[in-house]
Every structure is written in C-alpha cells, then in structure tokens.
Amino acid sequence: MKTSKQRTVRFANGPYVQSKLQIILSHTCTYFNFLNIVLAFLVILSGQYKHMLFMGIVIFNSLIGIVQELKVKKLIDKLSVITATKAKLITDDGIQEIPLDDVETGNKLQIAAGNQITFDSTVLSSDGLEVNESLLTGESLPVHKNPGDLLYSGSHVVAGSGSCQVIHIGDDNYATQLVQKAKTKKRASSEMQNAIKKTIRLVSYAIFPVGALLFYMQYFRVGANLSDALVSTTAGVLGMIPEGLVLLTSISFILGVGRLAAKRALVQEMEAIEALARVNVLCLDKTGTITTGNLTVEQVLPLPQENGTQMSGKNIHSILHTVVYAFTEDNATSTAIKTYFTENTSSAPLTEDKNIVTDSVPFSSHRKFMGVSTSHSESYVLGAPDFLTKQKSVLQQAEQYEKRGLRVLLLASCHKLADSPDKLSGILPLALIILADEIKENAPEIFRFFENQGVDIKIISGDNPATVSAVGVRAGLPQAEHYMDANELEGKTEEEIADIVSCHTVFGRVSPQMKQTIIKAFQKDTKTVGMVGDGVNDVLALKDADCGIAMANGADAARQSAHIVLLDSDFSSMPAIVKEGRTIIANIERVSALYLTKTIYSILLCVLFIILGKSYPFIPIQLTLIGATAIGIPSFLLTLERHDTVTSTGFLRHVMRVSLPGAILLTALLVVIQFIAVPLGLDRLMVSTLNLLTGGIVSLGIVAVVCRPINKRRLALCIGITLLFIGGMLLMPGLFNVYPLLTIIKL
C-alpha cells in the first residue's frame, strides 16, 4: 500500500526551515562566493598572496551563517511539532490522531469544521458537511458535501462534520498538481529584500564589463605590470561586491526567525518579519484578541407570542437543548449553552422530551444560524436576530442588549428547515439568548502599545457592530465608537470602500469575503496590513494580508494560510513580537548604509579611473582593513542593539540619504589626491597612504552618522574601530602598503 511518507506535499507553506545540506549549500554555493574565488585565483596569478586576506573573511562569514542557521533550525524543528496538523484516523478501537505523513491510501478519517483537507478523499458520511474550495476554484461560497462526493486537498471544512476515505496522497493530490501552476496565497511583502535584490542585480550586470575595462586600462594604458594590474582589478571588483549586505540581511532574518520562535511565534515565511515590522494597520477579530473567546449565558428571555402569551421556560430550554446537542462539533456559543445546561439543573430539558433530530443545518459564518428538524415535524433555528427576523419589536429588544456589549441570539421556529436565511419561511421568534464575552485584562495595555507605535487597530467581526463597538470601548480601543455594518459596503466600488473603511474602527456583520475586501481596501490606500485570525472565516483575509498571523489553537486552514503562527494562541504576545520584528528591520536599515557606501564608491572609482586612465587608488588588503573596521565590526555590533524605529516605506531612499553623499565625497577626495600628487611631488607609497587614510576617515565618519544619536556604547564603538584602523596602519605599514604614520607626522 502506498503511503505519503516518501512524498507528502502540502498545499500551503509550512514553517520556514531547510535541511542541513540546504543550509550549508545556501551559504557556500553563492554567486558572490564564486566571484570571490575567481578574484582569489587572480591574486594567486599575481603572486601577491597577502591580498588574499579577504578570503578569510568570506570563509568566516559563511561559517557564521551556517552555524547560526543550524541553531535556528534546531529550535524551529522542536516548535514545528506543536503546529503540525494531524489526521483523525477512524479505527476499530475508535478515533486515533496520527501525523499526516503516516496517512495511507484507503484510510478513513474524521473531519469537522476548521479542518484542512490535506488529501483527496471521498465522503463516507456527512452531518451538514460544507467545504470551502476557494483556494482551488476561486469560488468562495461553501459547497455542501454528501456521501460519495469528492473532497479536494487544499479545501477546508467550514461547517458540519463527517468522515471520508483517502484516495490520493503525495504528488497524486489535486492541490499538489495545482501548486506548481499557481499559488493563491500571497507571499509576505518585503520592500527591503526587493530593493537589495535590485541593487545586487544591477551590480552583477556591471561587475564583468567594468572589471574587464579596468584591467585593460591598468595593463595597457597605465602601464602597470601584469601582477599589479591583476591586483588593481581585484580591488576594484572586490569593492563593488555587496556580499556583506547579503550576508547581513540573510543572517538577520535567520536570527529573527529564531528570536521570534523564542517568543513562541513560528515564522512560515522569512519575509513576514519585515512585513510585520512595517505594519501600520492591524485588523483583528474580536474573539481571542479583545475577548478571551469564552462566553457565558447571561439570560434566556422568552418572547411574547401573537396571542399575548409566551412559551414556558422549560419548553424553551428543551428546544434549545435539542438544537445545540444535535451537532458534534463545538464552538464558543454551543459550549456556553451546554455549560449553561450543566451548571443550571433548573434549566435542564424536559425529561419526557423524545424529540429526534431528522435533519440539521450546522452553523457557518456565511448563513449566521444553525437549525434542526425533529420527528415531531417541527423545525427550529438559532442565530443572529437580524438575519432571522424582521420584527421590529424583537430587533429593538435585541439591540438594547447589543449596545451594552452583549451578544444576542434568537431562537425561533419555522415551517421548514433550509440552508439559507432567505429560504426560511414562517419564522416565529421564541426567545432571546443573551451571552457575554469575557474581556482580556491586558487588552487596554496592548491597544496603548500599538497606538504609541503608530499602528491603527481595526476590528472586523461577524458579530453585531454595536456589540463589537461596545466591547471595544470597554477594552479601551481608541475610536471604537466609530463602527459600521459591513453589509453597507455591498455593491460599492473599491474606491468607495477604501474611503469608507479609513473612517471607521469597528466593522460588524463582516462575511469572510468582505474581510478580504476590507484588507484589500486598506492596501489600496498604501497601508501595510496585518491580519490576526484563528477561524475558517479568516482564511481569505489571512492569505491576502501583507502579514497574516494565526493562532496555533485555531483552524487548520487558518494556520496554513498565515505567515506567522502564535504558538501560545495569545494576542498579548503581539507587542513583544512586533518589537522584535521592528528591531531586526531597523538595525538592517541602519547598517545597510555602510555596505552600500562601499559598493557605490567602488563603482564610481572604477568608472572614473577608467575614464581618467589612472591607477586604481586601492589594493585588496587596504579594502579589507576598511571593510573590517568601518563595516564588518560596527554592522555586527549595531545589529545586536535594541532599536525599533522603522521607516514605513522607501528603504532604498532612506539608505541612500547616507550612502550616496558619503560615496560621492570619498570619490571626489580620492580624485583630488591623484591630481595633486604630481605637482606636490608625492611618491607612489605616499599616494597609497593618503588614499587609505581618506578611505578610512570617510568610512569611519559614515559609521558615526549611522550611530546617531550617540550614546556611551556607540561612542565606545566609534573610538574602538578608529583605534583599530590607526593601529593597523601603525603596526603593519608594510602589509597595507603605506608609510609608517610617524614618518608622515614628521613630514
């Protein structure tokens, strides 16, 4: 029998993790490492072996990257077990949870609302089973599944429960065949990585022609011998390579994955770290964020009938009991009602009640109600009042409670059960069930944090907007009184929706499709949008957000669609996670200026000295000294700092404000030195000394600019690298091809 152990392919991305071999290859077999090896070979041909010192840094950097990523892999491997989806295998001994990799063709599995369909299967039994296949077909409406129907991997159960038999696994799955053609899940956005990739691509195009022209000028026009021409060419090309920038970003992201994992956040795409850091609109569902997700039944309120009477409390409780216990899957509402029956013996159903459920419609976020038909030819529904009735007296009474932040459900009878509110007829309201949300104690503190960070919190919920607004006000959410019913957005254009959503904080009666629309509306308004959710109804919004964040205890489909999974399923951990993400990105932004400065002035020097027909001003070992003291050491130390001021957009523009002026200044000074050397009678060694001093002083000055505002630690760093640079020139002038500094001082 074929198993999935050899070739299991998941529709959605799993946690970011690579094999040990992939990690080693990713840090050794790189484009820039190949270039460095070519440059080292040229130095060997020149016979000036001291200039190969840069290869030591290349090897050291690769080892650092490998060691750090292996450490992170070990941590991620442990945490991934927590969020690994398991299948519920039906055996003769009952239900057994097994890893997905152990599922075999022919296995019978139990499925329920919230489960991801991981294998193509055939439905064996259906208790109101409804499946959302939007990730595969683009059609968002749930599809009712009967015994014999097919279930496709990549879809997810939105309502009901049932069982199925696996018919395809691994590469045979429908979703696996689709995934190579199109990916519906939006990857987390990374402006910084996109900018760096563009820079690297442009530099890559320039390296070979510029290097060839530089060698030609040095050997055939300047008159340098082959050895010196090779060394000068190596220096020019070596300075152009932004390998340190690539290493810095990759290691910072890898360490970021590890740091966030230590805070119990599992990163499924590394780019999500930057997206999280730049988020300025954070959309939340009320449940699990403002509230704990726990509900309690405050009151069961019988409603007056047309003849002026009302149904007895015991009859109401009996009907309610029949409706709630007709379904095997639990949600917060049904759990609260079941607890109500357990804790209140006086609320127990009638013992003589012999109602047998003959048909049922499970709750879904699309229809907003659940219902049953009984053997007594009676049908009952339980759901949102405004979806089930138009009676003003009932809706006004419900609204009184909703304005106080309470949740209200309507229990009603109907002529015949249907799967849509529009198809129900003869609805007779019987009672209102009043439920209360439990607000999290730390909610006000969390909202203050995001307000101080310039992040707008938006609540998008399927509940009544007045209820959600009242809960938000109680929890201290700024502007929570500005709410609207998302149904009002139906039929409006994208531009109109974008204008409307910017003026509101709370959105109620939001369907899964409208959540997705609201996310896109904020993005259209140039916002970086984060979405926190845990249910099937959040899947569409999670997958289209710039950074989707799911709870580990949420639905399988939500976890698979998200970019980051909170392993503790606690929204209160978000401030710490956002701080960590902002620290990582802010530090990369700051030190990127150091690397790009070298790349820019190296390109400018190559072009200008080719045009001028002058000898290239640096040799490789001098660039190694500048790179180590003014780039490598400070970038490493600054990356470890706690610094969380991130620019919302314009990474490259922000970095260029520091890099470009510094590069132009250094290039201009070096050109001036070459032109004044002859009139002043400076020999070749003195020119080399002045070149290195100028390069070091300007580069160290850029470090000082990046370190602003200066504190004791940064001041110590600036002093330390300056002493190290001067010490190198003092102690090893021959190695760096300069005059002893004491000689220069005497002159």
(message) Given 3.5 Å as the limit, does a donor-acceptor pair link the side chain of R714 with the main chain of C707, or not?
(response) yes
(message) I want to check something: taking the side chain as every heavy atom from C-beta on, are M729 and L625 in contact at a cut-off of under 4.5 Å?
(response) yes
(request) Would you check if P617 and L605 make a side-chain contact, meaning some heavy-atom pair closer than 4.5 Å? (result) yes
(request) Measure the CE-SG distance between M240 and C606 for me, rounded to the nearest 0.5 Å. (result) 5.5 Å
(message) If I take atom CD1 from residue I626 and atom OG1 from residue T694, how far apart are they, to the nearest 0.5 angstrom?
(response) 9.0 Å
(request) Please name the pair of heavy atoms, one in I519 and one in A545, separated by the smallest distance, quoted to 0.1 Å. (result) CG2-CA, 3.9 Å
(request) Might you point out which heavy atoms bring S699 and G695 nearest each other, and give the distance in Å? (result) OG-O, 2.7 Å
(message) Could you report the tightest heavy-atom contact between A562 and G548, atom names first, then the distance?
(response) CB-O, 3.5 Å
(message) What's the separation between atom SG in C547 and atom CD in E274, rounded to the nearest 0.5 Å?
(response) 11.0 Å
(request) Side-chain contact test, heavy atoms from C-beta onward, threshold under 4.5 Å: evaluate it for F215 versus L226 and give yes or no. (result) yes
(request) Examine distances only and state if a side-chain atom of D546 and a backbone atom of G530 form a donor-acceptor pair shorter than 3.5 Å. (result) no
(message) Just to verify, what does I697 make a side chain to side chain contact (heavy atoms under 4.5 Å, CB included) with, not counting sequence neighbours?
(response) none
(message) Tell me every residue that passes salt bridge (Lys or Arg N to Asp or Glu O under 4.0 Å) with D456, counting only those two or more places apart in sequence or in another chain.
(response) none
(message) Could you work out, with side chain to side chain contact (heavy atoms under 4.5 Å, CB included) as the rule, every residue matching K520, not counting sequence neighbours?
(response) Q516, Q523, D544
(message) I'd like to check V203 versus I603 (side-chain heavy atoms, cut-off strictly below 4.5 Å). Are they in contact?
(response) yes
(request) Would you confirm whether H563, through its side chain, and A272, through its main-chain N or O, come within 3.5 Å as a donor-acceptor pair? (result) no
(request) Compare all side-chain heavy atoms of F725 with those of L692 and state whether any distance is below 4.5 angstrom. (result) yes
(message) V672: which residues meet the side chain to side chain contact (heavy atoms under 4.5 Å, CB included) condition with it, sequence neighbours left out?
(response) I676
(message) Run L700 and C718 through side-chain contact (heavy atoms from CB on, under 4.5 Å) and show every step you take.
(response) CA-CA 7 Å; L700 292 170; C718 292; over 6 Å; no
(request) Look at the aromatic rings of F618 and Y601 and report parallel, tilted or perpendicular, splitting at 30° and 60°. (result) tilted
(request) May I have the step-by-step check of side-chain contact (heavy atoms from CB on, under 4.5 Å) for Y616 and T233, ending in yes or no? (result) CA-CA 8 Å; Y616 193 76; T233 302; over 6 Å; no
(request) Can you measure from CZ (F736) to CD1 (I619) and round to the nearest 0.5 angstrom? (result) 9.0 Å
(message) Using a 6.0 Å cut-off, check whether atom CD of E494 has over 12 heavy atoms from anything other than its own residue.
(response) no
(message) Show me the pairs that pass side-chain hydrogen bond (donor to acceptor under 3.5 Å, both in side chains) and involve residues 671-681, at least two apart or across chains.
(response) Q674-N691
(message) Using only atom types and a distance under 3.5 Å, with no angle test, would you say the side chain of S688 pairs donor to acceptor with the backbone of R684?
(response) no
(request) Could you go through the side-chain contact (heavy atoms from CB on, under 4.5 Å) check for V38 and V237 one step at a time? (result) CA-CA 11 Å; V38 172; V237 175; over 6 Å; no
(message) What I want to find out is whether R653 reaches E589 closely enough, with some N-O distance under 4.0 Å, to be called a salt bridge.
(response) no
(message) By the salt bridge (charged side-chain N to carboxylate O under 4.0 Å, His left out) test, which pairs, at least two apart or in different chains, include something from residues 599-611?
(response) none
(message) Tell me if a side-chain donor or acceptor on D525 pairs with a main-chain N or O of K527 at a distance below 3.5 Å.
(response) no
(message) Going by side-chain contact (heavy atoms from CB on, under 4.5 Å), P634 matches just one of T629, V706, I721. Which one?
(response) I721
(request) Determine the minimum heavy-atom distance between G581 and I273, stating which atoms define it. (result) CA-CG2, 4.2 Å
(request) Mark yes or no for whether N452, through its side chain, and R448, through its backbone, hold a donor-acceptor pair below 3.5 Å. (result) yes
(message) Donor-acceptor check, side chain of S227 to backbone of S46, threshold 3.5 angstrom: yes or no?
(response) yes
(request) For the residue pair L542 and V532, establish whether any side-chain heavy-atom pair is separated by less than 4.5 Å. (result) no
(request) List the atom of F609, the atom of S615, and the distance in Å for their closest heavy-atom pair. (result) CD2-O, 3.1 Å
(message) Restricting to non-hydrogen atoms, name the atom on V655 and the atom on S592 that form the minimum distance, rounded to 0.1 Å.
(response) CG1-C, 3.9 Å
(message) Would V43 and V231 count as a side-chain contact (heavy atoms from CB on, under 4.5 Å) here? Give the steps.
(response) CA-CA 6 Å; V43 173; V231 168; 5.5 Å; no
(message) If we check side-chain contact (heavy atoms from CB on, under 4.5 Å) with R582, which of these qualifies: I584, V578, I585?
(response) V578
(request) Calculate, to the nearest 0.5 Å, the distance between atoms CD and CD1 belonging to Q218 and I610 respectively. (result) 8.5 Å
(request) Indicate yes or no for a side-chain donor-acceptor contact from S602 to the backbone of T599 under 3.5 Å, with no hydrogens or angles considered. (result) no
(message) Ring of F675, cation from K614 - is the NZ or CZ under 6.0 Å from the centre and inside 45° of the axis?
(response) yes
(request) Kindly say whether H654 contributes a backbone atom to a donor-acceptor pair with the side chain of R657 at under 3.5 angstrom? (result) no
(message) Please tell me whether Y739 and D683 have a donor and an acceptor in their side chains that are separated by less than 3.5 angstrom.
(response) yes
(message) Is the shortest side-chain heavy-atom distance between L638 and L717 below 4.5 Å?
(response) yes
(request) Measure the shortest side-chain to side-chain distance between C283 and V281 over non-hydrogen atoms and say whether it is less than 4.5 angstrom. (result) yes
(request) Can you measure from CG (L282) to CE (M531) and round to the nearest 0.5 angstrom? (result) 9.0 Å
